[in-house]
Amino acid sequence: MIRQAVFGTVFMKIDGFDVSLLTERLYKSCKVISLYEKSGSVYFKTFGIYEKKAAEIADKNNCVYEILERKGIRYTLQKYVKRYGLYAGAALAAAAIFFLSNTVMKIEINGALSDETRAEVREILKEEGLKAGAYIPSLNYFKLANRLFSSSDKIAWASIGNVGSVVEVNITEATRPEEVGSSRIPCNIVSTRDAVITDAKVSAGQLEVLIGDAVYKGKLLVSGIVPLSNGSAQYCRSIAEITGRYEQSVDFRVNYIEEGNFEGEKIYRRALNFFELEIPLPGGIFKTGAKYSEAVSKTDLKLLGLKLPIAVTTYEYTELISDIKSYSTEEALAELYRRLENYEKNILRGVEIIDRHTQELQDGEGITLRADYVLEGEIGKISEIYIK
């Protein structure tokens, strides 16, 4: 039955003068499924591959034949062999589905972000080519995340990936770190440094200082022991934001000759993955003898949400330079001010710089850059009260 369905069957009616001779030849030349005579006609059923042979036998014996029925997969498919428009439409539909499955349809920016930061992130991504309609395998997620981090001081961390046609951008906005702890343990707030109080916002607790007071490191600013009108005391967890103005100095040093590890240029390379086969694509050129750190990102190609055995892998290589580096006076100063800028951008983030005075102290081995600051920022920290 399976063979008949696959190869198909032909049911023929043959008429002629000497059908007995015809019957014998059909048995010898064709695979007969059924053969019988009725009312002077021969009814013959065979596999589709013998149709042409049976027709030739009928013609050689001066007989006429009629195809009464054709059945099977073979004949069903033959109906569509010359329907080229159908094939072209199917091919175009498959190509369109494949392309759209790997095209950015939506960009989701996740994170507790302000409207201003969210708009800034979208603008940076757009400049780098990540927008609706972008081809997903062509995107370099490492490069995009690095661009976000380096372009905005409002972004503390970023990662990018995709789920189908949706690109997810996960952002952590740089904010002033909050004290985290149990909300049940009573606490005071004490000063972290010598300063002058410039502002105080108390949500819970008893303020122990006044605006303009000079305080020392460890000084009680907000008490978690609040006296009650009946003479007793209530313990609470102090919540306050105490702002103070204080002085701070920092030194940066660059020797004219320094030995250490340095990061060089970044190189990006891609590879096309097909099942277990990885085909390298043209990319950056490595320096002979150089050492690199490696990071890998893989983007799977999908069709109608189904992951295909095809992917694009992006490799990010960062050159690691371990060498003796020499600086001229100008280069050393440029490096010092670069470090100072990074210090202000990262370490002093959230702190207002009221004044800054720098000194360049040069000796025979290098240069020291000293920065004296007048800063204004949060000076309080939690000091828990343990009640016996």
Side-chain angles (χ1 to χ4, degrees), residues 109-118 120 149 152-159 170-252 340-357 370-388:
I109 300 178
N110 303 318
L113 308 178
S114 64
D115 293 340
E116 181 182 357
T117 302
R118 194 175 295 273
E120 184 178 353
F149 184 73
S152 176
D153 57 3
K154 299 176 183 178
I155 297 173
W157 176 83
S159 71
N170 300 303
I171 300 290
T172 299
E173 189 170 13
T175 56
R176 182 181 63 82
E178 301 290 339
E179 295 285 352
V180 179
S182 171
S183 60
R184 297 181 180 274
I185 300 176
C187 70
N188 298 322
I189 294 179
V190 299
S191 178
T192 59
R193 61 182 72 245
D194 299 341
V196 174
I197 304 300
T198 58
D199 192 20
K201 298 176 183 177
V202 180
S203 300
Q206 178 72 37
L207 182 64
E208 299 291 333
V209 294
L210 300 174
I211 305 298
D213 282 358
V215 298
Y216 54 86
K217 183 177 180 180
K219 168 73 175 176
L220 177 64
L221 303 177
V222 180
S223 174
I225 305 174
V226 181
L228 301 177
S229 57
N230 60 7
S232 62
Q234 176 183 352
Y235 291 87
C236 68
R237 187 172 184 82
S238 299
I239 302 174
E241 183 177 338
I242 309 298
T243 305
R245 183 169 294 185
Y246 53 91
E247 296 180 352
Q248 181 173 301
S249 297
V250 61
D251 289 345
F252 299 94
L340 181 64
E341 182 182 354
N342 287 338
Y343 176 80
E344 293 178 354
K345 180 179 178 180
N346 298 300
I347 306 302
L348 299 184
R349 186 192 300 271
V351 177
E352 183 180 358
I353 299 175
I354 304 300
D355 189 25
R356 185 189 74 182
H357 176 68
R370 176 168 297 164
D372 298 313
Y373 291 97
V374 177
L375 304 173
E376 190 169 286
E378 173 66 59
I379 63 169
K381 75 171 183 179
I382 288 175
S383 176
E384 294 179 343
I385 303 172
Y386 293 97
I387 305 173
K388 295 183 179 179

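All of these numbers come straight from a predicted model, not from anything done at the bench. Residue numbers count from 1 along this sequence.
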**Q** Any chance you could measure I171, atom CD1, to S159, atom OG, to the nearest 0.5 Å?
**A** 7.5 Å
**Q** Going by salt bridge (charged side-chain N to carboxylate O under 4.0 Å, His left out), name the residues that satisfy it together with R356, two or more places apart in sequence or in a different chain.
**A** E344
**Q** Can you name the nearest heavy-atom pair linking Q206 to I225, along with the distance?
**A** CB-O, 4.4 Å
**Q** Which atoms form the tightest heavy-atom contact between I379 and A195, and what is the distance?
**A** CD1-CB, 4.0 Å
**Q** If every non-hydrogen atom of A200 is compared with every non-hydrogen atom of I242, which pair is closest and at what distance?
**A** CB-CD1, 3.7 Å
**Q** Measure the CG-CG distance between N342 and L348 for me, rounded to the nearest 0.5 Å.
**A** 11.5 Å
**Q** Any side-chain heavy-atom pair from Y246 and V196 closer than 4.5 angstrom?
**A** no
**Q** Is the backbone N or O of I354 less than 3.5 Å from a side-chain atom of E352, with the two atoms forming a donor-acceptor pair by type?
**A** no
**Q** I'd like to check I239 versus V222 (side-chain heavy atoms, cut-off strictly below 4.5 Å). Are they in contact?
**A** no
**Q** Does any N or O in the side chain of R237 come within less than 3.5 Å of the main-chain N or O of A204, such that one atom is a donor and the other an acceptor?
**A** no
**Q** Measure the spacing between CD of E247 and CG of D194 and express it to the nearest 0.5 Å.
**A** 10.0 Å
**Q** Please report the shortest heavy-atom distance between D372 and S249, naming the atom on each side.
**A** OD1-OG, 2.5 Å
**Q** Nearest 0.5 angstrom please: L221 CG to D213 CG, how far?
**A** 10.0 Å
**Q** So, do D199 and K201 sit near enough that their side-chain heavy atoms are less than 4.5 Å apart?
**A** yes
**Q** I'd like to know if R370 pairs up with D251 as an ion pair, taking the criterion as any Lys NZ or Arg NE/NH1/NH2 lying under 4.0 Å from an Asp or Glu carboxylate oxygen.
**A** yes
**Q** First locate atom NZ of K381, then atom CD1 of I189, and finally report the distance between them rounded to the nearest 0.5 Å.
**A** 12.0 Å
**Q** So which of C236, P186, S238, S223 actually passes side chain to side chain contact (heavy atoms under 4.5 Å, CB included) with I385?
**A** P186
**Q** With a cut-off of 6.0 Å (strictly less than), are more than 12 heavy atoms of other residues, nucleotides or ligands near NZ of K217?
**A** no
**Q** To the nearest 0.5 Å, how far apart are CG in L340 and CD1 in I347?
**A** 12.0 Å
**Q** If you look at every heavy atom in S191 and V215, which pair is closest and at what distance?
**A** OG-CG2, 3.9 Å
